[in-house]
Amino acid sequence: MSKIGSSLLVPSVQELAKQSITQVPDRYLVPKQDTLIIPKTSSFLQVPIIDLNKLLSEDAFELHKLDHACKEWRFFQLINHGVDPSLIESVKLGFQDFFNLPIEEKKKLWQKPGDIEGFGQLFVVSEKQKLEWADLFIINTLPSYARDLNLFLNIPQPFRDNLDSYSLQLGKLFMAIIGHMEMALKTKPNELLKLFEDVSQSMRLNYYPPCPQPENVIGLKPHSDAGSLTILLQANEVDGLQIRKDGMWMPITPVSNAFIINVGDILEILTNGIYRSIEHRVTINSQKERISIAAFHKPQMNKIISPIESLVISERPALFRGISVADYYKKYFSRQLQEKSVLNDVRIKSNNCVHKIL
Ligand SMILES: O=C(O)CCC(=O)C(=O)O
Ligand SMILES: [Fe+2]
């Protein structure tokens, strides 16, 4: 498979954090993040919780809740999702061991110049740019024939097999969610689903070490995900994820046994802006490491993405021009992560209507 991007090689932050430094190197120091935060105790703002069991039993109210969550929050937590809880536990434990492998072992799985899979970072396009306080492991997981076997087969067991089962279960879960979104959006049957035949899934394992100056670093800059839907597993009990809500940042504490699901750019394009991608960021803790696994889902690289037919009507003309998935990702990986800048590039600019950028 041809490669869709690369990122400059950077040192491991996990190794740096092990050295008990008191002063963070300049490359990671960012201006203080805007801290307009919605307090966690704010009771009027409840992150939507969607129950997949209810959706599967054709509960009309739950379908309405899903639609509302995607329109108003662009983000929800999913319970009763059907993914095997013992598998999830094994994946969490496997993740810890995987990142705790000796650095010599991890180097065998490090990103190669010109590629993005493996241990490393993303969106590093200049030696001068500020870096995030995190290490990643990136891997294409579905369809299984698209896997880089050199990388995949070098993941130690039993983590490799667990990651394999986890990726298959999440792929099915993704299709179930999209199927329900299609019903909520009242598209023609299969209009969205058919784009995701042989769904392409990649995973990003995020490891955020503790930092002695947490307010001066950022774990993950404000961004929207490029894919259609992200299924995120917060893999330990440390908070850090924040979503942008009404111009403020809202910290998210995962509900137990739930997945965090968020709308990405490609779904915003396909739904003609009815479901919009959500900006989010990750802050760092002074004492504790944080780990998470994001699974991104997109149509195959050669597919053209543009607003689907039933969602383009005279009162709502197409908001985005068509672009191939491959070209979208090439843009995404060729620049620093910056809010919704790539999506804004494919937005149709019209004189009569000012489209909301966020
Ligand atoms: O670590 C998290 O909670 C969020 C990760 C994320 O946003 C991403 O991997 O795109
Ligand atoms: Fe993200």
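First listed ligand is number 1; within each ligand, the first listed atom is number 1. Start at 1 with the first residue, then count along the sequence. These numbers were taken from a predicted model, which means no experiment stands behind them.
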query: Going through the distances and angles, do Asn140 and Glu117 end up as a side chain to side chain donor-acceptor pair (under 3.5 Å)?
result: CA-CA 7 Å; Asn140 293 329; Glu117 287 189 79; 3.1 Å; yes

- prompt: Would Asp225 and Arg204 count as a salt bridge (charged side-chain N to carboxylate O under 4.0 Å, His left out) if you check the C-alpha gap in whole Å, the side-chain angles of each, and the deciding distance to 0.1 Å?
  reply: CA-CA 11 Å; Asp225 295 340; Arg204 172 178 158 141; over 6 Å; no

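Shortest contact from atom 4 (C) of ligand 1 to any protein heavy atom: Val282 CG2, 3.7 Å. The closest protein non-hydrogen atom to atom 5 (C) of ligand 1 is Asn206 ND2, 3.4 Å. Looking at atom 6 (C) of ligand 1, its nearest protein heavy atom turns out to be Leu220 CD2, 3.3 Å.
Restricting His280 to its N/O/S atoms, the shortest distance to the Fe ion (ligand 2) is reached by NE2. The Fe ion (ligand 2) sits nearest to atom OD1 when only the N, O or S atoms of Asp225 are considered.
Note: Phe137 and Phe95 fail the aromatic proximity criterion, with ring centroids not under 6.0 Å apart.
Ion pairing of Glu104 with Lys107 is absent here, as no side-chain N (NZ or NE/NH1/NH2) approaches a carboxylate O to less than 4.0 Å. A salt bridge links Arg147 with Asp164: the closest approach of a Lys/Arg side-chain nitrogen to an acidic carboxylate oxygen falls below 4.0 angstrom. Using a cutoff of 4.0 Å between basic side-chain nitrogens and carboxylate oxygens, Glu191 and Lys194 are not scored as salt-bridged.
Among His223, Arg290, Gln234, the residue whose heavy atom lies nearest to atom 2 (C) of ligand 1 is Arg290.
Contact annotation for Ile260 and ligand 1: no heavy atom of the residue comes within less than 4.0 Å of the ligand.
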